[in-house]
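Taking it in order: structure first as structure tokens, then the write-up.
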Amino acid sequence: MSNSDQLNLFDDSSIAGNSEFSSLELIPKDPKIPIPSGTYETLETLTEHCQQCQRCELGQNRTHLVIHRGNPKASLMIVGEAPGQNEDEQGLPFVGKSGQLLDKILASVKLDSERDVYICNVNKCRPPGNRKPTSSEIDACKPYLLEQIRLVNPKIILLTGATAVQGILADKRGITKIRGQWFDWEGRFCMPIFHPAYLLRNPSREQGKPKWLMWQDIQEVRRKLDEIS
Ligand code: URA
């Protein structure tokens, strides 16, 4: 595939509109009480536990909890912000327009979103009106994300957008400053990248524009994946 063929995949015009808590009742409702690392033996137990979660108010209005999609054995993990309407309806992350673009971005470097990647979000429940999750909602849900990372054990983590950066790296610099850079986070390669929703709002593929920068970043991710595999 030529460079321009691969960049064409970014075209979004076709996109249509050992448990500490052995009992589920024991999930600490107070988000200030942490859920310790090692609480869940499997992603299934984590999911079952999250179904009961009311650590923040987002739990009251969810249609579906949104935990993950993709391959739990993948070396590459992608972390988004929180479910939107489509995700809340289907119970899967990144299945709306942003998700369709994300799949195309991955396909541009021959990565299949079901086979090669594990996809999840910082927050597991949809914030009303798709607002950004608050810091306390992020903190309340963070133990689940940390357990997902421990259980999936990815070599590379991509953080899509500012909320994912806030959830993991706690770096206050803007995403445009730090995207495309590798960070060492607990022995894993971690890279902030633009959120696909931002690319949908900025469709130009000109050199230096967000879509072009994403193309540079995803090629670097592919290179790193090949290098460490
Ligand atoms: N945006 C996100 O950050 N996550 C999703 O799952 C969908 C849209």
Side-chain angles (χ1 to χ4, degrees), residues 10 12 15-17 43 46-47 50-51 53 56 58-59 61-72 74 76-107 111-114 116-142 144-149 152 154 156-171 174-176 178-179 190-203 210-211 213-214 217-218 221:
F10 283 67
D12 49 74
I15 294 175
L43 289 166
L46 179 145
T47 304
C50 282
Q51 301 279 11
C53 183
C56 76
L58 298 183
N61 294 316
R62 65 178 170 239
T63 312
H64 288 110
L65 176 77
V66 176
I67 295 289
H68 55 195
R69 72 177 171 98
N71 180 0
L76 178 59
M77 181 184 230
I78 299 182
V79 182
E81 181 176 284
Q85 184 180 351
N86 292 290
E87 290 76 19
D88 178 61
E89 281 166 11
Q90 296 183 44
L92 293 167
F94 281 106
V95 289
K97 287 183 186 182
S98 291
Q100 291 171 46
L101 181 56
L102 179 63
D103 286 0
K104 284 183 159 204
I105 292 166
L106 294 168
L111 292 172
D112 182 276
S113 65
E114 294 305 313
D116 303 315
V117 187
Y118 176 86
I119 301 177
C120 62
N121 282 312
V122 173
N123 280 90
K124 316 304 183 204
C125 302
R126 182 189 180 199
N130 292 349
R131 65 160 169 77
K132 275 188 178 304
T134 63
S135 292
S136 64
E137 288 161 355
I138 292 172
D139 291 347
C141 220
K142 187 170 170 175
Y144 299 129
L145 176 62
L146 296 181
E147 283 291 83
Q148 283 176 294
I149 296 173
V152 174
I156 298 177
I157 303 175
L158 302 183
L159 304 170
T160 66
T163 302
V165 171
Q166 188 184 345
I168 291 293
L169 292 178
D171 194 307
I175 189 81
T176 44
I178 57 174
R179 58 132 279 280
C190 201
M191 183 193 279
I193 57 173
F194 286 131
H195 194 286
Y198 180 70
L199 302 180
L200 288 169
R201 294 194 299 272
N202 293 276
K211 269 194 172 175
L213 293 170
M214 175 63 102
D217 295 350
I218 199 67
V221 171

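As the structure lists them, so they are numbered: ligands from 1, and atoms in each ligand from 1. Start at 1 with the first residue, then count along the sequence.
Among all non-hydrogen protein atoms, the one lying nearest atom 4 (N) of ligand 1 is Asn121 OD1, 2.8 Å. Nearest protein neighbour of atom 1 (N) of ligand 1, counting heavy atoms only, is His195 NE2, 3.2 Å.
If you number the atoms of ligand 1 from 1 as listed, the ones under 4.0 Å from a heavy atom of Gly80 come out as 3 (O). Atoms of ligand 1 found under 4.0 Å from any heavy atom of Pro93, numbered from 1 in the order shown, are 6 (O).
Between Phe94 and ligand 1, at least one N/O pair is under 3.5 Å apart.
In this structure the side chain of Ile149 reaches within 4.5 angstrom of the side chain of Ile168, judged on heavy atoms. Considering only heavy atoms from C-beta on, Gln148 comes within 4.5 Å of Leu43 through its side chain. No side-chain heavy atom of Phe194 sits less than 4.5 Å from a side-chain heavy atom of Ile105.
Of all the heavy atoms of Ala82, the ones lying under 4.0 Å from any atom of ligand 1 belong exclusively to the backbone. Residue-level proximity to ligand 1 for Glu87 is carried by the side chain, the only part with a heavy atom below 4.0 angstrom.
For Cys56 against Ala140, the heavy-atom pair with the smallest separation is CB-CB, 4.1 Å.
Ion pairing between Arg126 and Glu87 fails under the 4.0 Å rule for side-chain N and carboxylate O.
Side-chain N/O atoms of Lys132 and Gln166 include no donor and acceptor closer than 3.5 Å.
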